[in-house]
Amino acid sequence: MKAAVFHGPKMPLSIEDVELDKPQDREVLIKTVASGVCHSDLHFVDGFYPYPAPAVLGHEAAGIIEEVGKQVTYVKPGDHVICCLSVFCGYCEQCMSGHPNRCSNKAATQRNPADKPRISQKGKPVFQFLDISSYCEKMLLHENAVVKIREDFPLDRAALIGCGVTTGVGAVLNTAKIEPGSTVAVFGAGGVGLAAIQGARIAGARKIIAIDMFEGKLAMAKRLGATDTVDASSSDPVDEIRKLTGGGVDYSFEAIGLKKVAEQAFNALKAGGTATVIGMIPVGQKVELDGYMFLTERKLQGSNMGSNRFRIDMPKYIDFYLQGRLNLDDMISRRGKLEDVNDAFRAMKAGEVARTVLMFN
Amino acid sequence: MKAAVFHGPGQPLTIEQVDIDEPKEREVVVRTVASGVCHSDLHFVDGLYMWPTPAVLGHEAAGVVEKVGSQVSYLKPGDHVIACLSVFCGYCEDCMSGHPNLCSNKAATQRGASDKPRLSQKGKMVNQFADLSGYAEKMLLHENALVKIADDVPLDRAALIGCGVMTGVGAALNTAKVAPGSTVAVFGAGGVGLAIIQGARIAGARMIIAVDKFPAKLDLAKKLGATHAVDASKGDAVDQIRELTGGGVEYSFEAIGLKVAAEQAYQSLTAGGIATIVGMVPLGQKVDVDGFSLLFEKRIQGCFMGSNRFRIDMPRIIELYQQGRLDLDDMITRRGKLEDVNEAFRAMKAGEVARTVLMFE
């Protein structure tokens, strides 16, 4: 079957034939219907984060169950599912304390290095990316990497929920737990940032400031719930946020993955405020925080995949969409085919799109 | 009256005569009985933080109300009180949302710049330190800088509660909200660090690791509740904590005011852990946080005066002392007179004492 294969940083993905094994024990085989092109894939293609090659990238997908392993109880062939990279064992300390997104025992959901690999090419292993590898016509996953969804839900929008939407909305609702009436600044109005803005709107924030360098993205941010916008290409965002709020925000979110922006998110807080870093800051970079600012009880915290318990959270987000409270339609800027994946990366870098979704036949 | 006057960084305090005004409106004159020598005063004497001169330092004191202003309703002459630098207006946003320690309207509790100063020398203003100035025979304060306590509480131990104990116990119970059964590391076993250790013990932490470079302080830490001690002069503290816990602690505290210790506190965390910076990191110094590690949902947060609502917290702390659950007796290493203040600073720097308390006749 066709897949987009990563051969190393700074090289375009190439469309090649790969083989998927049969599902074992608790594994499921899924026909991929839609796969979003998320910024995190680009981090690996750009070489900011390392990943072994060859690998099939892609980690934001929805599809239909085709075949299940003999111990699978949660899904059956024909079920519609969203995949999530937060595959969980279900019995480690993190899973049992309500943080399956931090599962410390993922090995229990993976094949051993000595076993036949899930993905291969001419008998040689191809690395699975984040336990998913969705730039491929089919996916072979542990059942704890999927959530079952209703069949009348459009699978292209479901794919977005698989990573970007859960990450952004979850950072606001689960990680930061913002309060109604609070003030919020979101740095970066890409897919994750727009989801954070919508999360803030759903949670009842009274002021939601979107910060970006692209006018088109700021316009989209306003449409999705931002009450104010700051163009960071022509002004200092920290100054602007202080002016708009009379001193700083209660909550800020970094949704790009830049050291400097994480620092701005911290500096834009009022006393007692919380900055949540969602973006993936390149490996080896330090976020530098002014020591004396801790005296005003400011906080900086990381968020991984929106602190999700995805089997609980994703059905909620689907309800929000169906009720018209979470806009996913406008977050899909373009649809393409698997072959368009490299152009989707280019368009993302150029700030042209919130999300491209690759559709499979 | 006699007071210890600060004339600039790097100079010893000098004992001089200072005039104190009559209490106006909501002000109170307190006869100082005991005043603790806290590390924060030393930060100003060492020039790591700025304060205008001349000033009377000291901010950890207890005493007896001598005289009250015309609008004071909370206190009457003869009442025993603890003074706290977290003077609060009671009606700003921070006060009204349960964070009076972050009061953003302290001017409402102070005299105007054109009014007669509270403290003076030969008609010239002497700056009040942190709205208190506890290194003086008397203090002139706003009533909202005081909490009334029972007459049978020893005032030397009450003084400690005024800053160091409140800060440490509050950091554990209010700021970090240490959970029962959790793992804790405390960097620095001085007055504040020992109070954090006791707070963690009171909260039911199962592992409390004290980190210091002085064996005598580590011994006292163990006596007060630390389950493990790490000598930071013998090997990397972070490595030692990881080894003891099998990966890191859920809560860490920095109780010295050192950039390096703050970074180590963060590095010692397990996934989802919280580092609380209690010490005053010198102005201009940056605390570096590894960007990648934020993906493990770690948090670094500031703490100011133990996130206190001191009129609620201090009476509770007194009860814990009276029940034998909080040891204050062992935290007073020495007692001295006002004239001993410079010697107390020296002993603190040398790691000889947890606390010196200056006693007034």
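In what follows, every chain begins at residue 1, and chains take the letters A, B, ... in the order their sequences are listed.
- Your options are Val281(B), Ile274(B), Val278(B), Thr175(B), and the one with the most heavy-atom pairs under 4.5 Å with chain A is Val281(B).
- Proximity to chain B is absent for every atom of Ser97(A), based on heavy atoms less than 4.5 angstrom apart.
- The side chain to side chain donor-acceptor pair (under 3.5 Å) contacts involving residues 277-288 of chain A comprise Lys259(A)-Glu288(A), where partners must be two or more places apart or lie in separate chains.
- Proximity to chain B is limited to the side chain of Arg102(A), based on heavy atoms less than 4.5 angstrom apart.
- Contact annotation for Tyr49(B): only side-chain heavy atoms (C-beta onward) come within less than 4.5 Å of a heavy atom of chain A.
- In this structure, chain A has no heavy atom under 4.5 Å from any part of Ala262(B).
- With ring centers used as reference points, Phe44(A) lies 6.0 Å or more from Phe48(A).
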Subject >> side-chain contact (heavy atoms from CB on, under 4.5 Å) between Phe127(A) and Ser133(A), intermediate numbers included >> reply: CA-CA 9 Å; Phe127(A) 290 98; Ser133(A) 286; over 6 Å; no
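- Options Ile281(A), Asn101(A), Val287(A), Thr276(A) differ in how many heavy-atom pairs under 4.5 Å they form with chain B, and the most are formed by Val287(A).
- Residue Leu102(B) touches chain A through its side chain alone, counting heavy-atom pairs closer than 4.5 Å.
- Using a 4.5 Å cut-off between heavy atoms, Ser307(B) touches chain A through backbone and side chain atoms alike.
- Take His142(B) and apply the ring-ring contact (aromatic ring centres under 6.0 Å, His included) test, not counting sequence neighbours, and it matches no residue.
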Original post:
Could you go step by step and tell me if Glu179(A) and Tyr251(A) meet the side-chain hydrogen bond (donor to acceptor under 3.5 Å, both in side chains) rule?
Top reply: CA-CA 10 Å; Glu179(A) 296 100 31; Tyr251(A) 297 95; 2.6 Å; yes
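- Contacts between residues 167-178 of chain A and chain B, counted as heavy-atom pairs separated by less than 4.5 Å, involve Thr175(A).
- Contact of Lys298(B) with chain A is made through the backbone alone, with heavy-atom distances under 4.5 Å.
- Contact annotation for residues 88-99 of chain B against chain A (heavy-atom separation below 4.5 Å, listed by residue number): Glu93(B), Asp94(B).
- Annotation: Phe294(A) is not in aromatic contact with Phe304(B) [ring centroid separation under 6.0 Å not met].
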Original post:
Between Gln267(B) and Asp290(B), is a side-chain hydrogen bond (donor to acceptor under 3.5 Å, both in side chains) present by the stated rule, with each step listed?
Top reply: CA-CA 9 Å; Gln267(B) 290 159 10; Asp290(B) 182 47; over 6 Å; no
